[in-house]
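Just so you know, these numbers use all the heavy atoms, side chains as well, and skip hydrogens, waters and symmetry mates. Here the structure is a predicted model, which is why all the values come from computation and not from measurement.
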Amino acid sequence: MKFYYSPSSPFVRKVEVAARETGLMDRIALEPVTVTPVAPSDKLMVDNPLSKVPCLVTDDGLSLVDSRVICEYLDSLHDGKKLIPAEPGRRWRVLRLAALADEAMDAAVLTRYETFVRPEDKRWQPWIDNQLAKVTRTLDHVEPDAGRYMGHLCIGTISLACLLGYLDFRYADLRWREGRPALARWFEEMSARPSMQVTVPK
């Protein structure tokens, strides 16, 4: 399999962590690309017309886009404990957490584009503020349940960890740990996993 990636993307990191946790990383060839919303990659567009990472090309040539789809595909390839459980009671809770974290990640990435790629005189501060508010509201929402995540590996906790790692990488000034002790403790435990340590964004 071929994996188009950028090491700074939290969505790429999510896929990489899932691949490592499921023992599939040795089947994946990494293909680095650099993309922004205003600078598509010709190399990537051969397999993904959206020119977005992550993108996984399977062994039979199927091009998969979107981290949720890629992670579900990887989860179908191994015989170990599934990252996306089949039992409905657990499945919907896991997918709900993953969706919350993914949408908050999207808000954080879009804000990064707005503040880094867009010319300064064209930046829209109310939009920036509201995108980051989505992130903080999400963290406040999951804080009461964070203690239950200890020792629990699933696509939801992987997504949440990649969100928090991205905030450390790009938004240290948000100081997301303040007022969220349970989330901070859980993230410290999660960050000790080899799959997280080797994928720290650069």
Do [X] and [Y] belong together in a cluster built from hydrophobic side chains that touch within less than 4.5 Å?
X: Leu56; Y: Leu50; value: no
X: Leu24; Y: Leu62; value: yes
X: Ile158; Y: Phe169; value: yes
X: Val17; Y: Tyr5; value: no
X: Val33; Y: Val117; value: no

When you compare the side chain of [Y] with that of [X], does any pair of heavy atoms fall below 4.5 Å?
X: Tyr171; Y: Thr111; value: yes
X: Leu163; Y: Leu100; value: no
X: Tyr73; Y: Leu77; value: yes
X: Thr115; Y: Ile128; value: yes
X: Arg112; Y: Tyr166; value: yes
X: Phe187; Y: Leu160; value: no
X: Leu153; Y: Met190; value: yes

Taking all non-hydrogen atoms of both residues, which atom of [X] and which atom of [Y] are closest, and how far apart?
X: Ser67; Y: Phe11; answer: OG-CD2, 3.5 Å
X: Pro10; Y: Cys162; answer: O-CB, 3.7 Å
X: Ser9; Y: Val12; answer: OG-N, 3.1 Å
X: Gln197; Y: Ser191; answer: CG-O, 3.2 Å
X: Pro201; Y: Ser8; answer: CB-CA, 4.3 Å

Report the residues that fulfil salt bridge (Lys or Arg N to Asp or Glu O under 4.0 Å) with [X], sequence neighbours left out, ordered by chain and then residue number.
X: Arg90; result: none
X: Lys2; result: Asp47
X: Arg68; result: Asp102, Glu103
X: Glu143; result: none

Return a table of donor-acceptor pairs under 3.5 angstrom between the side chains of residues 34-41 and protein atoms on other chains or two or more places apart.
from, atom 1, to, atom 2, distance (Å)
Thr36, OG1, Val38, N, 3.2
Thr36, OG1, Ala39, N, 3.1
Ser41, OG, Lys43, N, 3.4
Ser41, OG, Leu44, N, 3.1

For [Y], is there any backbone N or O sitting under 3.5 Å from a side-chain donor or acceptor partner on [X]?
X: Arg13; Y: Thr199; value: yes
X: Tyr149; Y: Trp186; value: no
X: Thr136; Y: Ala133; value: yes
X: Asn48; Y: Cys55; value: no
X: Tyr4; Y: Met45; value: no
X: Arg123; Y: Arg118; value: yes

- Stepwise side-chain contact (heavy atoms from CB on, under 4.5 Å) check, Arg180 with Asp140: CA-CA 7 Å; Arg180 303 183 186 98; Asp140 289 340; 2.9 Å; yes

Spacing of [atom1] belonging to [X] relative to [atom2] belonging to [Y], to within rounding of 0.5 Å:
X: Asp173; Y: Leu167; atom1: CG; atom2: CG; answer: 10.0 Å
X: Thr58; Y: Met1; atom1: OG1; atom2: CE; answer: 8.0 Å
X: Ile84; Y: Arg91; atom1: CD1; atom2: CZ; answer: 6.5 Å
X: Lys14; Y: Leu83; atom1: NZ; atom2: CG; answer: 10.5 Å
X: Thr22; Y: Lys81; atom1: OG1; atom2: NZ; answer: 14.0 Å
X: Met105; Y: Leu164; atom1: CE; atom2: CG; answer: 9.5 Å

Does atom [atom1] ([X]) have a neighbourhood of more than 12 heavy atoms from anything else shown, all under 6.0 Å?
X: Trp127; atom1: CH2; result: yes
X: Asp26; atom1: CG; result: yes
X: Gln125; atom1: CD; result: yes

- Item | From CA spacing to verdict: side-chain contact (heavy atoms from CB on, under 4.5 Å), Asp168, Trp176 | CA-CA 8 Å; Asp168 281 346; Trp176 65 262; 2.9 Å; yes

- Task: Just jot down the side-chain hydrogen bond (donor to acceptor under 3.5 Å, both in side chains) partners of Glu21, sequence neighbours excluded, or say none.
- Result: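 Partners of Glu21 under the side-chain hydrogen bond (donor to acceptor under 3.5 Å, both in side chains) test: Arg193, Ser195.
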
- Step by step, would you call Arg20 with Glu16 a salt bridge (Lys or Arg N to Asp or Glu O under 4.0 Å)? CA-CA 6 Å; Arg20 293 178 186 281; Glu16 281 200 64; 3.7 Å; yes

- Decide, yes or no, whether a salt bridge links Lys134 with Asp106 under the criterion of side-chain N to carboxylate O below 4.0 Å.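 Salt bridge: no.
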
